[in-house]
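Being a predicted model, the structure only gives us computed values, none of them experimental. All chains are named by letter (A, B, ...) in the order of the sequence lines, taking the proteins before the strands, and each is independently numbered beginning at 1.
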Protein chains: 2
Amino acid sequence: MAVTLNDIAKKAGVSLATVSLALNGSNKVNKDTKNRIKKIAEELNYVPNARARALVKKSTKTIGLVIPEVVNPFFAELAQSIKDYVRSQDFNVILCSTDYQSEEELRYINMFRSGQVDGAIFACAGDLMAEHNDLIIKLVKENIPVVYVDRDGLNHDLIPIVKSDIYHAAYQAADYLISLGHKNLGFIGQSVERLSGVKSALKNQGLEIKEKNIYYDYLKMEGGYAAGEKIAARDEKPEAVVCLNDEMAIGVIQALIAKDVKVPEEISVVGIDNIKMANFYNPSLTTVNIPVSKMGEKAAEILMKKITGKTLSPKEKFFIFPTKLVIRDSTRKI
Amino acid sequence: MAVTLNDIAKKAGVSLATVSLALNGSNKVNKDTKNRIKKIAEELNYVPNARARALVKKSTKTIGLVIPEVVNPFFAELAQSIKDYVRSQDFNVILCSTDYQSEEELRYINMFRSGQVDGAIFACAGDLMAEHNDLIIKLVKENIPVVYVDRDGLNHDLIPIVKSDIYHAAYQAADYLISLGHKNLGFIGQSVERLSGVKSALKNQGLEIKEKNIYYDYLKMEGGYAAGEKIAARDEKPEAVVCLNDEMAIGVIQALIAKDVKVPEEISVVGIDNIKMANFYNPSLTTVNIPVSKMGEKAAEILMKKITGKTLSPKEKFFIFPTKLVIRDSTRKI
DNA sequence: GCCCTCTTTTAAAACGTTTAAGTTCATTTT
DNA sequence: AAAATGAACTTAAACGTTTTAAAAGAGGGC
């Protein structure tokens, strides 16, 4: 059905090889024949068969992007920026969301091994995925380059990592709250790294976090809401809370407001990420900016370098982005 | 480097065909040899080459999903639901966001023609993309099935369409505002279909929309914010506004609040879509639910039917989902 | 007319599968 | 004992490119 090189060859009265060479712009074929062939290809509405080409070129011009979910502004922005970069190099991205399921990630790893992609980016998947690190290293050894985004791996030579200083982000958030005069802080979410950032900011001022002010809720808005409800129900509340991310922060605020606890008058709330909504929420959200678009772009750039066989600078093997406090209306001075 | 059927064949002392048959579970090969072959394949860590398989099977087990942007809760949810469905059939999705650029869509159409996907879904792209409808029809005739989601096409036999009754959604929104006692309505966004829904709800009550209450701003939060600022600056404001989508509604509310115009006390605002944030915003947003996940799933289901050569019922060629008013706190009775 | 060189074209292998059409050999049928 | 059947396996073509090595042709110099 579809037009092939052979069809063009017959019509042009030349061999298939000449057609291939001509269409790929080889300078070994006569200019006139080249033009004639191109014209015929145009007429016949020829499109090279990507599947056949992939087989011989050993490349699909496609990368895999593994993220927990697209329905999450942070990952959506990451996906967008990665897609934008690779598209500029004529690559495509296969969307691989795992929904935080370990088996799903496994399925993707196996798919990658089959050569359906030329490389892959794995973004922050939580600790449960750590068990796959060995498999991913195997993948890399089988010549499918991988780069990590905000995910811990041991072997930066094999798997470059692009990350933000998430520990420092939490530190900045807590430190700012302390500077506003808050002493009794809370933390919402499960993240060892962030929690320890908060703790060390407190420690620097001779303060501590109370165990009962730590809420290990689910890392989405619903989780934040649940934590907010529990806080609202307490007599003696924390004065300010740091949330794992902006979505949780919004959930917390929404729950507090629903229970008539005023933000920031009664409790200051700060998020992490600086998603777009942080600026449009009411009250607008004080947060720590994570330059996710830049991170995505850098990760894509590094991956493309690996795919095209370029060598990486040491810095590119462990690329860390700074974070920045963004002050808005969900926090106030005591 | 990578293990092939041939390697296994040699090691097992059989022909390559037998190996292929055995691994694909054919019952034409002796049980013992089958097991022996499978064991060897396992030992050698064999993974079938997806590129080679794609060539002979004329299928990549991949579909393309064309959306304007991922960074948009509506499309993110659409993408997620589509991905979930096709994944259950062992397919993958290539993320094709156009950023509302017509040329980008064109590039994707050409990529699809090259056989890199087995089918594609095109989601609501606005009127500027209409020029591609003919090309997309050509694509379908070249045996790449397509289904539209909330996008107008003429030929439902060739291109099935899954949509929500967006006209009715706007009608419901306006009708509800009228029932609350509002007479002087506004509309924000560019959408012929939605605007006419609003107009006809008004007409039914002998009312009309004033031209100066229509704001043709850009369909994102920033656009909503811009419109909200303009409204806040007016002396005689509309009593209530219908927004093209929830994001715009949030932008409008944020601008109004920033200018000390109370929502809903002074102006009622209603959105369309019912994104997750609508429920978590403050005030929570009255909106009209568009069942985007269901739409995505249905579109994926229909596309898979076409890919696997099943015939569609007439209903599936034009599948329309009902919308539903969701009353929250951004509207109030006069 | 012959040898060289240079340009242009072609044949054929390769990529790694799937699968239709054999072949072989043991077993059953007549 | 010859013929038919059937199970188990193999051969080889096919998928549509790319690419290398070889062939063919065109001039040029002697």
Side-chain angles (χ1 to χ4, degrees), chain A residues 1-38 40-41 44-62 90 111 113-118 142-144, chain B residues 1-38 40-41 44-62 90 111 113-118 142-144:
Chain A
M1 188 64 221
V3 181
T4 71
L5 286 183
N6 221 327
D7 299 328
I8 301 178
K10 275 180 194 149
K11 192 146 186 179
V14 294
S15 81
L16 173 160
T18 309
V19 178
S20 173
L21 260 9
L23 294 181
N24 287 310
S26 163
N27 56 355
K28 291 186 194 167
V29 23
N30 183 284
K31 231 179 177 182
D32 292 343
T33 16
K34 202 195 282 190
N35 287 333
R36 195 160 49 88
I37 289 172
K38 280 187 173 169
I40 294 176
L44 295 183
N45 224 323
Y46 170 76
V47 195
N49 182 312
R51 295 181 299 252
R53 187 176 269 176
L55 178 59
V56 24
K57 296 273 242 174
K58 295 179 187 305
S59 153
T60 55
K61 292 201 146 216
T62 298
D90 239 326
M111 180 193 102
R113 286 192 64 209
S114 77
Q116 204 156 128
V117 300
D118 295 352
E142 285 172 354
N143 265 313
I144 313 280
Chain B
M1 187 66 222
V3 181
T4 70
L5 286 184
N6 221 328
D7 299 328
I8 301 177
K10 274 180 195 151
K11 192 147 188 179
V14 294
S15 81
L16 173 160
T18 309
V19 177
S20 173
L21 258 12
L23 294 180
N24 287 310
S26 163
N27 56 356
K28 290 185 193 169
V29 24
N30 182 286
K31 233 180 175 179
D32 292 343
T33 14
K34 204 195 281 190
N35 287 334
R36 194 160 50 88
I37 289 172
K38 280 187 174 169
I40 294 176
L44 295 183
N45 224 325
Y46 170 76
V47 196
N49 182 311
R51 294 183 298 253
R53 188 176 266 175
L55 179 59
V56 21
K57 296 274 240 175
K58 296 178 186 304
S59 154
T60 55
K61 290 200 149 217
T62 298
D90 239 326
M111 181 195 102
R113 285 192 64 210
S114 77
Q116 204 157 127
V117 299
D118 295 352
E142 284 170 355
N143 265 314
I144 313 280

Can you name the closest pair of heavy atoms from I144(B) and V117(B) and give their distance?
CD1-O, 3.9 Å
Q116(A) backbone acceptor or donor facing T60(A) side chain under 3.5 Å:
yes
Within the side chain of K34(B), is there an N or O that forms a donor-acceptor pair under 3.5 Å with the backbone of S26(B)?
yes
Any side-chain heavy-atom pair of V47(B) and E142(A) under 4.5 Å:
no
Does the protein touch nucleotides 12-27 of chain C at the base, only the backbone, or not at all? Give it as B, S and - per nucleotide, heavy atoms under 4.0 Å.
---BBBBB--------
Treating N35(B) as the side-chain partner and D32(B) as the backbone partner, does any N or O pair qualify as donor plus acceptor under 3.5 Å?
no
Take the protein atom CG of N30(B) and the nucleotide atom C1' of dG6(D), then report the distance between them rounded to whole Å.
14 Å
